[in-house]
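Throughout, a chain's letter reflects where its sequence line sits, starting with A, and its residues are numbered from 1. Being a predicted model, the structure only gives us computed values, none of them experimental.
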Amino acid sequence: VNQVDEVAEYVVEVRAALADLPPRAREELLEDLPAHLAEVAAEGDGPLRSRLGPPARYAAELRATVEIGPSGRSATAAWLATAATARVQLRAADVRLGKAIGYAKASDYLRLLVPAWWLLRGYLVAMAVAYALDIETMGLLPRVGGGMPTAYLMLAAFMVGSIWLGRHHARLRKWARYALAVTSVYLVVLAVVGFTNVDHDIAHPTYQVVENTQTDLAPFAIPPSPSPTG
Amino acid sequence: MHSTVLCVDTTQLLKGVLDLAVLAVLRHEDGYGYDIMRRLRSAGLDEVGDASVYGTLRRLFQAGHLSSYVVASEEGPHRKYYALTTAGRDQLTRSGKVWRAFAATMDTLLDDRGVAA
């Protein structure tokens with residue numbers, strides 16, 4: 001009975017120390033405290049106050065556990081937490097992968113490749129333009145109308161343009177940067193499709209090509225030798 | 001404007017990870033408040049206080065990460081046992097991963113700069 005009084009008294013003092021909390025939050029927090037303290041009291045010897053410290057300090061510690069994270073987390077908070085988790089994991093993977101290839105971070109290495117990407121981007125844009133102008137003959141160079149000098153000139157021009165754009169990226173407006181990012185994704189898709197097609201064409205020349213070759217060569221074919229007549 | 005530089009002590013660190021620690025000690029076996037605190041302390045978290053454990057249990061319970069049931073005791077009061085819910089197990093897995101990644105990052109950070117263990 002003495003123990004019950006001791007617990008009740010302790011709870012009253014803890015509640016008093018939390019008087020500034022919103023009533024609902026406070027009652028939710030203290031709801032189970034009498035039962036919990038009764039368990040604690042039953043487990044060991046000595047007065048509660050000497051085992052748990054003064055009620056005011058107990059209340060302060062309790063308050064800290066509430067401040068860490070409110071119980072009812074909103075969907076946004078949950079999403080933000082997931083995003084934060086993903087970021088931490090991504091950063092850890094960045095470091096792990098970096099170590100494997102001899103860099104502090106994998107992203108450090110990727111950053112070195114950015115100017116190379118600018119070159120590639122120039123090439124891909126040239127190819128995209130060539131493809132738009134001349135769908136029939138698609139190779140590995142941006143041939144428009146079949147002229148080689150034009151192809152190299154066009155390649156050089158687009159590469160220089162792409163490098164310039166890369167160097168001036170920071171000065172671009174927000175919408176321009178967004179457009180650039182979207183274009184880049186489009187170019188990468190185009191590149192994957194394009195290279196796959198070209199590779200396929202090299203590995204498996206189609207019958208059409210064989211037929212064309214034969215037709216082309218026909219005029220130069222050696223005519224069947226006339227049968228000897230005597 | 002003034003700023004405070006906090007010296008890292010276990011109590012400060014504990015605040016952030018007590019949820020995870022409590023979920024972890026309940027992973028294999030349900031427990032009641034005082035028992036959970038004993039498990040945490042015997043695991044090496046000497047500084048953990050009763051109020052922190054009680055408050056954390058309440059919060060995890062309200063968030064649906066723990067369920068509870070009362071077991072009558074022959075001598076002494078009833079005991080409220082806590083058990084992990086499915087959401088609690090998921091949370092343990094997720095938070096465990098975050099903690100490990102974070103700890104590994106800090107280890108690397110300190111190692112790279114030659115800070116003694």
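Using a 4.5 Å cut-off between non-hydrogen atoms, the part of residues 45-52 of chain A that approaches chain B consists of Arg51(A), Leu52(A). The stretch residues 156-170 of chain A places none of its residues near chain B, where near means some heavy atom under 4.5 Å from a heavy atom of that chain.
The line from CG of Asp32(A) to NZ of Lys80(B) is 3.0 Å long, rounded to the nearest 0.5 Å. To the nearest 0.5 Å, atom CG of residue Leu14(B) and atom OG1 of residue Thr65(A) are 11.5 Å apart.
For the pair Glu61(A) and Asp50(B), the tightest heavy-atom approach, listed with the atom from each and the gap, is OE2-N, 4.0 Å. Between Glu39(A) and Tyr34(B), the closest heavy-atom pair is OE1-N, 4.1 Å.
In the displayed structure, Arg27(B) atom CZ is contacted under 6.0 Å by at most 12 heavy atoms of other residues, nucleotides or ligands. Other residues, nucleotides and ligands contribute only 12 or fewer heavy atoms inside 6.0 Å of the OH atom of Tyr109(A).
Looking at Val95(A), the atoms closer than 4.5 Å to chain B (heavy atoms on both sides) all sit in the side chain, from C-beta outward. The part of Leu37(A) that comes within reach of chain B is its side chain, from C-beta onward, which places non-hydrogen atoms under 4.5 angstrom from that chain. Of the two parts of Arg100(B), neither the backbone nor the side chain holds a non-hydrogen atom closer than 4.5 Å to a non-hydrogen atom of chain A. For Thr108(B), the part lying near chain A is the side chain, with the backbone staying farther off; criterion is any non-hydrogen pair under 4.5 Å.
One N or O on the side chain of Arg58(B) and one on the backbone of Glu28(A) form a donor-acceptor pair closer than 3.5 Å. Using a distance-only test at 3.5 Å, with no hydrogens or angles considered, a donor-acceptor pair links the side chain of Tyr54(B) to the main chain of Leu29(A).
For the set Val70(B), Leu60(B), Val98(B), Asp112(B), the entry with the most heavy-atom pairs within less than 4.5 Å of chain A is Val98(B). Top candidate by heavy-atom pairs under 4.5 Å with chain A, chosen from Ser52(B), Pro77(B), Gly55(B), is Ser52(B).
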Side chain to side chain contact (heavy atoms under 4.5 Å, CB included) evaluation trace for Tyr32(B) with Glu43(A): CA-CA 12 Å; Tyr32(B) 58 96; Glu43(A) 288 275 341; 2.5 Å; yes

